[in-house]
Protein chains: 2
Amino acid sequence: MKNSKVTKTKKEHINTGNAKITTDIVIFTIEDGELKILLVKRKYEPFKGRWALPGGFIKEVETLEETARRELSEETGVSGVYLEQLYTFGEPKRDPRGRVVTAAYFALAPKHLMSLSASSGAEDAKLFSVKKHPELAFDHEKIMQKALHRLQNKIQYTNLSWSLLPNAFTLSEIQAVYELIWDKKVDKRNFRKKMLTLGLLKPLSKERTGLRQRPAKLYAFKTKTYVELRRFF
Amino acid sequence: MKNSKVTKTKKEHINTGNAKITTDIVIFTIEDGELKILLVKRKYEPFKGRWALPGGFIKEVETLEETARRELSEETGVSGVYLEQLYTFGEPKRDPRGRVVTAAYFALAPKHLMSLSASSGAEDAKLFSVKKHPELAFDHEKIMQKALHRLQNKIQYTNLSWSLLPNAFTLSEIQAVYELIWDKKVDKRNFRKKMLTLGLLKPLSKERTGLRQRPAKLYAFKTKTYVELRRFF
DNA sequence: GAAATATAGTGTAAAAAATACACTAAATAC
DNA sequence: GTATTTAGTGTATTTTTTACACTATATTTC
């Protein structure tokens with residue numbers, strides 16, 4: 001793409017708006033009773049060898065969301081997940097290479113969609129606990145924290161937890177999702193009452209068996225698409 | 001800025017991420033009992049002569065928010081208002097000049113900060129009713145609708161209405177702000193009860209007089225900075 | 001196979017918040 | 001001084017939130 005509209009004379013090319021655009025993806029999942037985030041090890045400078053959010057430069061004909069999905073897939077092998085735009089970071093010095101503006105995306109996936117290592121670029125993609133992770137490249141820590149707050153807020157008034165769970169799950173399992181995200185315990189009876197009266201779930205006629213305790217009823221989400229509620233918790 | 005990381009061979013420069021960045025600002029105010037939006041008439045192609053959101057290209061060393069404030073000031077003479085990032089629009093064909101990604105901003109101002117025509121670039125800046133406005137350039141209608149939803153949601157759980165009101169106002173006046181934004185009436189007694197128990201307001205020892213009715217007590221916001229509430233309406 | 005252990009599952013009372021609803025008060029206009 | 005306009009106020013009902021403890025049913029252990 002050429003400089004299509006330079007506003008002033010040739011020397012004073014200050015307002016041309018030129019920049020490079022990337023997307024970076026903060027993708028959360030739950031594994032081993034922890035809220036985790038997917039990071040990739042950088043192969044090139046700057047920040048070579050450091051862990052960073054998956055992401056990369058837009059192509060000429062892609063939407064921003066398409067870039068995010070493509071980069072996520074190329075770098076980590078993950079696809080078909082819930083994805084929404086988070087925030088755009090454009091501080092002039094955020095990338096040592098020059099003016100790089102990043103449209104950050106927020107993503108959620110159940111653990112079974114996070115089968116890494118299956119894919120090409122996935123050798124250096126790994127899940128890390130949100131509470132304990134390596135130092136990140138660029139301003140990715142700031143982006144991650146913003147994504148975490150988005151998650152903590154949004155599960156209050158949406159049905160987004162479907163995107164972190166398998167098709168069938170017990171009430172204790174969905175409660176654990178909320179507790180991990182909020183990093184606090186909630187009351188079991190009140191949680192169940194609320195969750196069931198919201199009407200988002202349908203009971204299945206199966207149970208989670210084989211564990212060393214009373215079998216738990218399984219439930220599924222009625223709809224696995226984004227639903228916003230008037231109020232939630 | 002050079003092409004610092006070209007992923008493939010030289011001919012196939014597809015992933016370079018090059019684009020131009022703009023910010024566009026959706027700024028709301030209340031005038032004559034209507035929720036209004038500030039638009040500027042375009043002086044150049046494309047969409048020459050059409051009304052559009054104020055905005056423009058980033059400078060090399062500006063943050064995105066600085067660009068938004070500068071463009072708003074240059075094009076409309078408005079400054080010192082509440083401003084937050086809204087969403088970033090990057091569809092490849094949204095601008096006929098080429099790849100232009102816009103970081104849209106959301107702004108609110110009390111009417112007295114909207115004294116247009118005082119400024120240089122303000123000849124072609126005008127307020128229009130949100131419910132009835134001219135056809136907009138680019139994808140600005142979509143951006144405006146997104147901003148309106150943000151506003152409708154955010155006044156539920158923040159103290160943002162301070163940024164649409166003068167320093168002193170009556171309870172009827174702040175109620176009118178909510179009614180205009182939500183485009184529906186609310187119950188007067190319940191509204192006052194809620195608003196006062198929230199503790200955001202302090203009563204002033206003055207009244208709104210000179211009108212042909214009983215004088216109304218004046219109130220002010222305790223803090224005129226962004227406060228998020230657990231719940232609101 | 002009895003006991004220990006682990007998690008599933010359930011109800012109620014109290015407090016807080018939301019909702020529905022109608023009349024009196026105090027100024028100006030005529 | 002009568003009409004008009006908006007300010008200002010309280011209560012009863014319903015809904016939602018919160019706090020709180022025991023029994024049920026499976027597996028594991030001895």
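Only heavy atoms go into these numbers, but all of them, side chains included; no hydrogens, no water, no symmetry mates. A, B, ... follow the sequence lines: proteins, then strands. Residue 1 opens every chain.
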Original post:
Does a salt bridge link B:Glu66 with B:Arg70, judged by any charged N lying under 4.0 Å from a carboxylate O?
Top reply: no
Original post:
Have B:Glu62 and B:Thr67 got a donor and an acceptor in their side chains that come within less than 3.5 Å?
Top reply: yes
Subject >> Dot-bracket encoding of pairs in DNA chain D, which uses [ ] for pseudoknotted crossings and | for another strand, Watson-Crick or G-U under 3.5 angstrom >> reply: ||||||||||||||||||||||||||||||
Original post:
What is the distance, rounded to the nearest whole Å, between atom CG of B:Asn190 and atom P of D:dT14?
Top reply: 16 Å
Original post:
Within this structure, what is the CG-to-C1' distance between B:Leu218 and D:dG8, rounded to whole angstrom?
Top reply: 14 Å
Original post:
If you measure from the Lys or Arg side-chain nitrogens to the Asp or Glu carboxylate oxygens, is any gap between A:Glu65 and A:Arg69 under 4.0 Å?
Top reply: yes
List every contact pair, protein side and nucleotides 26-30 of chain D side both N or O, where the distance is under 3.5 Å.
{"unit_1": "D:dA26", "atom_1": "N3", "unit_2": "A:Arg212", "atom_2": "O", "d": "3.3"}

Original post:
Rounded to whole angstrom units, what separation is found between the CG atom of B:Asp187 and the C1' atom of D:dA12?
Top reply: 14 Å
Original post:
So, is B:Arg192 close to the D:dG8 phosphate, meaning a side-chain N or O under 4.0 Å from OP1 or OP2?
Top reply: yes
**OP:** For B:Leu196 and D:dG8, give me the distance from atom CG to atom C1', rounded to whole Å.
**Re:** 11 Å
Subject >> Donor on one side chain, acceptor on other, A:Thr197 and A:Arg192, under 3.5 Å >> reply: no
**OP:** Remember a base hit wins even if backbone is also touched, and classify B:Lys193 as base, sugar-phosphate or nothing at under 4.0 Å, heavy atoms.
**Re:** base
**OP:** Kindly state whether the ring of B:Tyr178 and the ring of B:Phe191 have centres lying under 6.0 angstrom apart.
**Re:** yes
**OP:** Taking atom types as modelled, find out whether A:Glu228 and A:Thr158 have a side-chain donor-acceptor pair closer than 3.5 angstrom.
**Re:** no
**OP:** Take atom CZ of A:Arg189 and atom C1' of C:dT7, then tell me their distance rounded to the nearest Å.
**Re:** 15 Å
**OP:** Can you tell me the distance, in whole Å, between the CZ atom of A:Phe191 and the C1' atom of D:dT17?
**Re:** 15 Å
Original post:
Is any side-chain nitrogen or oxygen of A:Ser172 closer than 4.0 Å to OP1 or OP2 of C:dT7?
Top reply: no
Original post:
Does any donor atom in the side chain of B:Ser79 or B:Ser73 lie under 3.5 Å from an acceptor atom in the other side chain?
Top reply: no
Original post:
Are the charged groups of B:Asp183 and B:Lys131 less than 4.0 angstrom apart, N to O?
Top reply: yes
Original post:
Over how many whole Å does the gap from B:Lys188 atom NZ to C:dA25 atom C1' extend?
Top reply: 11 Å
Original post:
Rounded to the nearest Å, what distance is computed from the CE atom of residue A:Met195 to the C1' atom of nucleotide C:dT10?
Top reply: 17 Å
Subject >> Under-4.0 Å salt bridge between B:Glu34 and B:Lys132 >> reply: no
